[in-house]
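Only this structure's heavy atoms are used, side chains among them; waters, hydrogens and symmetry mates stay out. Each chain gets a letter, A, B and so on, in the order the sequences are listed, and its residues count up from 1. Being a predicted model, the structure only gives us computed values, none of them experimental.
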Amino acid sequence: MGRYLLERIAYSGLVVLGVVIVVFAIMRLTGDPTPLLLPIGFTQEDLQRVRREMELDQPLHAQLRSYMTKVMRGNFGKSLRHHDSAMALVIERMPATLWLTAAAMAVTVLVALPLGIVAALRRDSLVDVAASAVALTGQSMPTFWLGIIFILIFGLKLGWLPTSGSGSVRHLVLPSIALGAFSAGLTTRLVRSSLLEVLSQQYVRTARSKGLAERLVILKHALRNAAIPVVTVVGLQLGTLLGGAIVTETVFGYPGMARLAVEAVFYRDFPVVQAFVVITAIIMVTINLVVDLCYVVLDPRITYA
Amino acid sequence: MAGRAMQAEEARIFGPGVEHRARRRLRSFRRSWKALIGGTILLVVVLAATLAPYVSPYNPLDQRILDRLKPPAFAGGTRAYPLGTDPIGRDVLSRIIHGSRVSLAVGLSAVLIGGSLGLTLGLLSGYYGARLDMVIMRIADLQLAIPFLVLAIAIITVLQPGLLSIVLVLGLSSWVTYARVARGQVLSVRGRDFVEASRAMGGSEWRVMLRHVLPNIIAPVIVVATLEVGRMILAEAALSFLGLGIQPPAPTWGGITADGRDYLGTAWWISTLPGIAILLTVMAINFVGDWLRDVLDPTVIL
């Protein structure tokens, strides 16, 4: 287990390194990355100066080496707009985004688990049909549109909840539901189908035929086994949620790192964008690591000896 | 009486094997109504997209500033503008009809690019295994560590936003799903008798792969591709909404929604109506995808 953990951590580190190289490559999509490091309206002299300072006149492998060294120290350069360390700017806004994502994840799980379980246990009943309809609608709605509908109804018409900013739990309600709706729909459908699959297995039949109470069959035998694919998908949903945060934070004027990144795109503030990409990747691999370790708890057959 | 109880107990233990007739009917209906409704909506959308210049009442770019912010006909407006007008007096209905062109074109071409790339890589990865498989799956891990929209943002900062960069970004970053599904399927048919037989008869690697493996793995890939069209349409709408997609004044569903954001309190229709078009289209695609899955390959869990 210890060895497995170490290997997994090392691999996660490699993935993050890979992401850094991808960012390096993206910067060079147009050939010359220098304009990306200069504010709009730069002069030819600026271009020459930055090219020399950033060693962008060196061969590619030398550029990569110096780039990697800087990034390893957390140096993504200065924001072109805020004249501050790009990394510090992103880190400062990160907690807000993590709160939003966590709240949306909670919405996903709190909706998907009960709805999916009831739908599977009452298969083909009206409840099941209704749950499927709700889930499919959630999966088909654009996040930004749901956000706008929420602002219209709960903010402008009813005035129940704040529609922009952050700072309290009340600020999180609308954005997290808007953000979680898509994942909730997808996960509901998955919980349902995965529980149905488990319920048709031999061990469930055995548990029932030995006279075990239905409640225990479901709790001890079915749900635990159905949990494994569900944990995988909930882990994968993190990417959807972090990506969706870009849209949600913009709609609700929520001051997270994703909105910072969108603003950075309009200013062509590439240092901030690249710091955002790398931080997001670090969050992703960390959570995936945790998900992998959850398997060990959920399924004693997996030992990673 | 004892028989009834026995039957109920049997049903409890054996699950849905012993089924009530009404339930069976409900289920078979559930299968086909999805295809029917989804297909009908999609047909309407495709017709609207192809015939856009003929069926929309106005040119989507024409501004009539005197008629700005007119409400839809059903909310106290005039029949001249069935779905109202936007802040610079453009007809919302005409813009939504023309917006369907962008959504469908981007959705389909992104799936075509991502699907062919993913299918090829998944096929090679599963068929040859070993080192190639490892390399491709490691690249997939890398791709999955950068959420889709995050990658899109990075690329669009460097390239200029526009139709081509959107299609490329969406297409190139969505290959992993297809590759994983295709690879899994290849692994399960690779050792089967018909593959061995073809090889024993002297079939070349390419022949075995394309004539025997491919046809047997394609069904789940088609299901995934169908559902992905919906996801791509949602992604394009999100990017255009953010202003990072197709640039104004070209009408896109995401863009029209963004146009109305500052007028939510006074002109709710601008931002809400295009979203309904997206919702209906994506839902129709999901219906068709679900139905295809039930018909072609019930084992795929999505």
K.L.:
Chain B heavy atoms under 4.5 Å from I287(A): which part of the residue, side chain, backbone, both or neither?
P.N.:
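Neither the backbone nor the side chain of I287(A) comes within 4.5 Å of chain B.
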K.L.:
Can you confirm whether T143(A) sits close enough to L234(B) that some side-chain heavy atom of one is under 4.5 Å from a side-chain heavy atom of the other?
P.N.:
no
K.L.:
What part of E236(B) lies closer than 4.5 angstrom to a heavy atom of chain A: side chain, backbone, both or neither?
P.N.:
neither
K.L.:
Nearest 0.5 Å, what's the CE-CE distance between M283(B) and M141(A)?
P.N.:
7.5 Å
K.L.:
What option among A284(B), A258(B), G260(B), A237(B) has the most heavy-atom pairs under 4.5 Å with chain A?
P.N.:
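Heavy-atom pairs under 4.5 Å are most numerous for A237(B).
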K.L.:
Within the side chain of W145(A), is there an N or O that forms a donor-acceptor pair under 3.5 Å with the backbone of T272(B)?
P.N.:
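Flag set: sc W145(A) to bb T272(B) pair under 3.5 Å.
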K.L.:
Would you find more than 12 non-hydrogen atoms of other residues, nucleotides or ligands less than 6.0 Å from F24(A) atom CZ?
P.N.:
yes
K.L.:
How far apart are the closest heavy atoms of R261(B) and T250(A), and which atoms are they?
P.N.:
NH2-O, 3.2 Å
K.L.:
What distance separates L186(A) CG from R231(B) CZ, expressed to the nearest 0.5 Å?
P.N.:
9.5 Å
K.L.:
Measure distances from I276(B) to the heavy atoms of chain A and classify the residue's part below 4.5 Å as side chain, backbone, both or neither.
P.N.:
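I276(B) touches chain A through backbone and side-chain heavy atoms alike.
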K.L.:
To the nearest 0.5 Å, what is the distance between OG (S140(A)) and CG (L279(B))?
P.N.:
6.0 Å
K.L.:
Find the distance between CG (L149(B)) and CD1 (I246(A)) and round it off to the nearest 0.5 Å.
P.N.:
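Atom-to-atom, L149(B):CG and I246(A):CD1 are 5.0 Å apart.
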K.L.:
What's the shortest heavy-atom distance between V262(A) and I153(B), and which atoms?
P.N.:
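Closest approach of V262(A) to I153(B): CG2-CD1, 3.9 Å.
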K.L.:
Taking all heavy atoms of I278(B) and all of P142(A), pick out the closest pair and write down the distance.
P.N.:
CG2-CG, 3.5 Å
K.L.:
Which heavy atom of V150(B) sits nearest to which heavy atom of G243(A), and what is that distance?
P.N.:
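Scanning both residues completely, I find the closest heavy atoms to be CG2-CA, 4.4 Å.
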K.L.:
First locate atom OG1 of T157(B), then atom CG of D269(A), and finally report the distance between them rounded to the nearest 0.5 Å.
P.N.:
9.5 Å
K.L.:
Between F276(A), Y11(A), Y267(A), F266(A), which residue shows the highest count of heavy-atom pairs closer than 4.5 Å to chain B?
P.N.:
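Option with the top pair count is Y11(A).
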K.L.:
Looking only at non-hydrogen atoms, find the nearest pair between A154(B) and V277(A) and report the distance.
P.N.:
CB-CG2, 3.9 Å
K.L.:
R189(A) versus D290(B): any side-chain heavy-atom pair under 4.5 Å?
P.N.:
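Yes, close enough: below the 4.5 Å cut-off.
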K.L.:
For the candidates G18(A), A264(A), G155(A), G244(A), which exhibits the highest count of non-hydrogen atom pairs separated by less than 4.5 Å from chain B?
P.N.:
G18(A)
K.L.:
Using the side chain to side chain contact (heavy atoms under 4.5 Å, CB included) rule, take F241(B) and I148(A) through it: C-alpha gap first, then chi angles, then the decisive distance, then the call.
P.N.:
CA-CA 12 Å; F241(B) 171 77; I148(A) 280 177; 4.0 Å; yes
K.L.:
Under a 4.5 Å cutoff for heavy-atom pairs, which residue among T137(A), V23(A), N288(A) has the most contacts with chain B?
P.N.:
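Between T137(A), V23(A), N288(A), the count favours T137(A).
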K.L.:
Less than 4.5 Å to any heavy atom of chain B: does that hold for the side chain of I149(A), its backbone, both, or neither?
P.N.:
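The side chain, not the backbone.
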K.L.:
Check whether any side-chain heavy atom of P147(B) lies under 4.5 Å from a side-chain heavy atom of T280(A), and answer yes or no.
P.N.:
yes
K.L.:
Please round to the nearest 0.5 Å and tell me the distance separating atom CG of L242(A) and atom CZ of F148(B).
P.N.:
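The CZ atom of F148(B) is 15.0 Å from CG of L242(A), to the nearest 0.5 Å.
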K.L.:
Where on L264(B) is there a heavy atom nearer than 4.5 Å to chain A: the side chain, the backbone, both, or neither?
P.N.:
both
K.L.:
Closest approach of D141(B) and V15(A), non-hydrogen atoms and distance?
P.N.:
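Where D141(B) meets V15(A) most closely, the heavy atoms are O-CG1, 4.3 Å.
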K.L.:
If I measure from the heavy atoms of chain B, does V273(A) come under 4.5 Å with its side chain, its backbone, both, or neither?
P.N.:
side chain
K.L.:
Just so I know, are the side chains of L136(A) and F287(B) near enough to count as touching, which here means a heavy-atom distance under 4.5 Å?
P.N.:
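With C-beta onward as the side chain, the pair touches.
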K.L.:
Does the side chain to side chain contact (heavy atoms under 4.5 Å, CB included) test come out yes or no for L242(B) and V265(A), once each step is laid out?
P.N.:
CA-CA 10 Å; L242(B) 290 172; V265(A) 176; over 6 Å; no
